[in-house]
Protein chains: 2
Amino acid sequence: MLDVTVYDIAREAEVSVSTVSRVLNGTAPVKASTRQKVLALIEKYQFQPNGLARSLLKKVTGTIGIVIPDINNPFFPEVFTGAENALREKGYTFFLCTTHGNFEYESQYLALLREKQVDGILFLGGRINQRHCPPDLAQELEDLNRRIPIVLVNGDLPGSSFHRVFIDEHRGAELATQHLIDLGHRHIGFIGGEPEITATTEKIAAFEQTLAVNGLSSRPEWMLLGDFSIGCGMRRMEELLALPERPTAVFCVNDFVSVGVIKTAFDHGLRIPADIAVVGFDDTVLAASTTPELTTISQRSKELGETSVRVLLQLIQKRRVRKHTVLEPVLKIRRSTVDGLNAAAGQLSQLSEPCG
Amino acid sequence: MLDVTVYDIAREAEVSVSTVSRVLNGTAPVKASTRQKVLALIEKYQFQPNGLARSLLKKVTGTIGIVIPDINNPFFPEVFTGAENALREKGYTFFLCTTHGNFEYESQYLALLREKQVDGILFLGGRINQRHCPPDLAQELEDLNRRIPIVLVNGDLPGSSFHRVFIDEHRGAELATQHLIDLGHRHIGFIGGEPEITATTEKIAAFEQTLAVNGLSSRPEWMLLGDFSIGCGMRRMEELLALPERPTAVFCVNDFVSVGVIKTAFDHGLRIPADIAVVGFDDTVLAASTTPELTTISQRSKELGETSVRVLLQLIQKRRVRKHTVLEPVLKIRRSTVDGLNAAAGQLSQLSEPCG
DNA sequence: TTGTAAGCGTTATCAT
DNA sequence: ATGATAACGCTTACAA
């Protein structure tokens with residue numbers, strides 16, 4: 001009752017297994033009457049062909065691995081959503097592997113994904129955002145890519161030839177910085193981000209370059225790195241506020257850090273943006289949760305996921321795809337930089353849907 | 001080079017495939033010299049056994065399906081994290097299926113998970129939170145449970161005998177309500193939640209019961225349902241504030257709704273908690289992101305994930321497990337209900353880790 | 001239109 | 001300690 005196979009169906013229908021297989025896959029004409037007989041039995045036993053056996057034969061599993069560093073950062077679930085939306089109707093299914101940026105976990109999961117014979121892999125974070133990725137880890141991924149199609153999302157590996165899909169982070173940081181400058185700010189700080197991660201260094205480079213283009217420059221004591229957490233934003237903001245001279249605006253490495261910055265500013269009785277303006281990065285749901293809402297750079301996370309998985313699909317089907325796909329970031333202006341902005345006029349349309 | 005099998009290894013090592021299998025699995029003694037020879041070839045070709053073939057034979061895939069309604073609600077990633085942490089070292093891998101509460105997607109994914117021969121399924125949201133689940137959908141899950149171990153997380157199906165792991169939501173809502181009453185509130189509203197979802201009705205029942213126990217009662221015009229989004233919180237709060245009489249506190253169905261409520265209160269120049277106190281539910285990262293931080297009920301999401309997956313593992317190993325595992329919710333008091341609370345004294349220890 | 005048999009890449013059961 | 005060989009459950013030539 002529990003483990004029905006094509007043989008069981010075939011026997012009871014008094015046909016051969018090939019016939020059962022044919023009605024299952026519509027791969028060749030079957031007499032209507034026998035088809036009915038088989039179909040009835042499939043229904044009766046709720047028969048479902050074993051995907052392992054099929055995949056073993058066809059060398060295709062309809063399965064994709066997604067490797068991400070942190071599922072608790074809302075950015076990644078959004079990317080996942082985009083990926084899933086793009087491939088849902090094709091019947092693909094996803095192994096979600098979260099690595100916490102731990103290289104060991106990454107390697108472990110990559111091996112597991114290979115063993116499970118995934119058709120392709122989307123790789124985010126971890127070693128591909130490292131300023132100096134250990135050569136053996138880069139090599140590991142290269143080797144794997146010779147067997148399984150891999151798309152690097154928002155990352156890169158030096159001297160490699162992976163297919164990549166990414167947001168132009170440099171441009172994003174430029175947009176953020178220029179926005180603050182356009183608002184009249186001349187003294188701007190930078191908060192958050194691990195110094196060995198390219199997501200940090202890219203932004204800093206663009207930040208300083210944009211300042212320079214506008215005849216301004218950064219101040220070392222206002223460059224307060226750390227990590228990508230709320231707690232980091234809080235702590236660094238405390239430090240910033242303790243300085244004899246303060247900037248009038250800060251650009252944060254991501255939305256999480258921005259939340260911490262806003263929180264601490266509030267605790268010190270500062271008004272945002274009047275006393276200090278704040279810009280974030282990612283445009284996650286957190287940006288819509290703060291008071292005031294956060295001006296930030298959208299990474300178009302869902303589109304990023306969709307696009308990445310489409311590229312991967314092309315690769316799986318051995319079609320030609322361009323190596324690099326770049327998405328343009330978008331500046332989302334909200335009330336953490338522009339006072340008196342009409343809430344309804346903000347880019348919060350997502351929040352304006354009817355609710356039951 | 002790309003598709004090496006045990007046969008290839010065996011041939012080149014001049015041994016039989018069984019010997020290769022033996023060194024692979026350590027399932028029987030092998031002469032040291034031949035083991036070395038085989039190992040060298042495995043290394044040389046970076047051979048990795050095909051999991052499909054192995055699973056086909058062993059009838060175990062080391063794979064678990066997790067069905068959730070919405071990965072963009074931080075609660076679910078937290079549950080996922082707990083599940084993954086508990087099973088990572090055992091080499092399990094997870095199919096993440098997000099259904100958007102769409103019953104069709106649910107059925108589709110359930111079929112796929114069966115086809116992929118997952119060892120077990122964690123089911124959250126959707127049909128198991130329905131006040132009136134369509135019988136055929138309940139039946140579908142029951143049927144599947146006869147073939148694959150399933151654990152219902154934070155949900156139930158009437159007249160069924162699934163294994164379940166859940167938070168005592170009734171108790172949670174009671175804690176929240178009593179907290180407000182203890183603070184002196186006598187006029188309390190309820191905001192958010194779809195009326196056909198048990199996550200809503202359970203809370204409302206506990207809310208009204210707790211009011212009654214304290215000699216209070218709810219007011220129909222202050223019971224403003226809807227859905228579980230920020231936008232809903234915003235809109236319902238607008239409506240509430242437009243009433244001639246307002247409550248002094250509101251209990252929201254979840255953190256998302258709370259965020260909207262706080263946002264709108266702020267826009268109306270109200271101070272929280274002085275003018276209106278707010279309590280949420282879930283204790284997601286959003287609760288730590290609002291200003292002021294949100295008093296909320298912790299569902300102990302990570303533990304929930306861990307526990308669920310442990311129960312599932314017992315089921316997979318055909319061990320006896322108690323049918324129901326209940327977790328006690330925890331009230332997290334923050335500044336959206338208690339003014340002047342020292343931030344450092346709050347339950348935000350998670351934010352206080354050093355940051356590089 | 002249908003059946004037979006080989007093969008997918010393993011592991012397990014026998015022998016030897 | 002090692003080797004043949006039969007499964008596992010399916011699809012697909014090739015025959016009939």
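Predicted model, so just to flag it, every value in this text is computed and none were measured. Below, all heavy atoms of this structure are taken into account, side chains as well, without hydrogens, waters or symmetry copies. Order of the sequence lines sets the chain letters (A, B, ...), proteins ahead of strands, with each chain counted from 1.
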Discussion item. Once side-chain contact (heavy atoms from CB on, under 4.5 Å) is applied, do any residues pair with A:E140, and if so which ones, sequence neighbours excluded?
Written reply: A:S107, A:L110, A:R127, A:L137
Worksheet, complete the sentence: Applying side-chain hydrogen bond (donor to acceptor under 3.5 Å, both in side chains) to B:Q139 and not counting sequence neighbours gives B:D143
Fill in: Leading and trailing nucleotides of DNA chain C with any atom under 4.0 Å from heavy atoms of chain B
C:dG9 to C:dA12
Worksheet item: Do the numbers put B:R164 on top of the ring of B:F162, so that NZ or CZ is under 6.0 Å from the six-membered ring centre and no more than 45° off the axis?
Response: no
Practice prompt. Establish, yes or no, whether a centroid distance under 6.0 Å links the rings of B:F80 and B:F94.
Written response: yes
Worksheet item: Between B:N102 and B:Q108, is any side-chain donor less than 3.5 angstrom from a side-chain acceptor?
Response: no
Worksheet item: Rounded to whole angstroms, how far apart are CZ on B:R11 and P on D:dT2?
Response: 19 Å
Worksheet item: Any Lys/Arg nitrogen of B:R310 or B:E306 sitting under 4.0 Å from an Asp/Glu carboxylate oxygen of the other?
Response: yes
Discussion item. At 10 degrees resolution, what angle do the end axes of the helix from C:dT1-D:dA16 to C:dT16-D:dA1 form when each is taken over five base pairs?
Written reply: 40°
Practice prompt. Could you please name the option among D:dG9, D:dG3, D:dA1 that lies closest to any side-chain atom of B:S16?
Written response: D:dG3
Worksheet item: In terms of side-chain heavy atoms, does A:R22 have a donor or acceptor partner in A:N25 at a distance below 3.5 Å?
Response: no
Discussion item. Side chains of B:D70 and B:T98 only: does a donor on one sit below 3.5 Å from an acceptor on the other?
Written reply: no
Fill in: Donor + acceptor pair across side chains of A:T5, A:N50 (<3.5 Å)
no
Worksheet item: What is the distance from NZ of B:K37 to P of D:dT2, rounded to the nearest Å?
Response: 9 Å
Atom pairs and distances, donor-acceptor, side-chain atoms in residues 33-41 of chain B, under 3.5 Å, two or more places apart:
unit_1, atom_1, unit_2, atom_2, d
B:T34, OG1, B:K31, O, 2.9
B:K37, NZ, B:A13, O, 3.4

Practice prompt. Quick one: label B:T34 by what it contacts on the DNA or RNA (base, sugar-phosphate, nothing), any heavy atom closer than 4.0 Å.
Written response: sugar-phosphate
Worksheet entry | Sugar-phosphate or base contact per nucleotide [nucleotides 11-16 of chain D; S, B, -; heavy atom under 4.0 Å] | BBB---
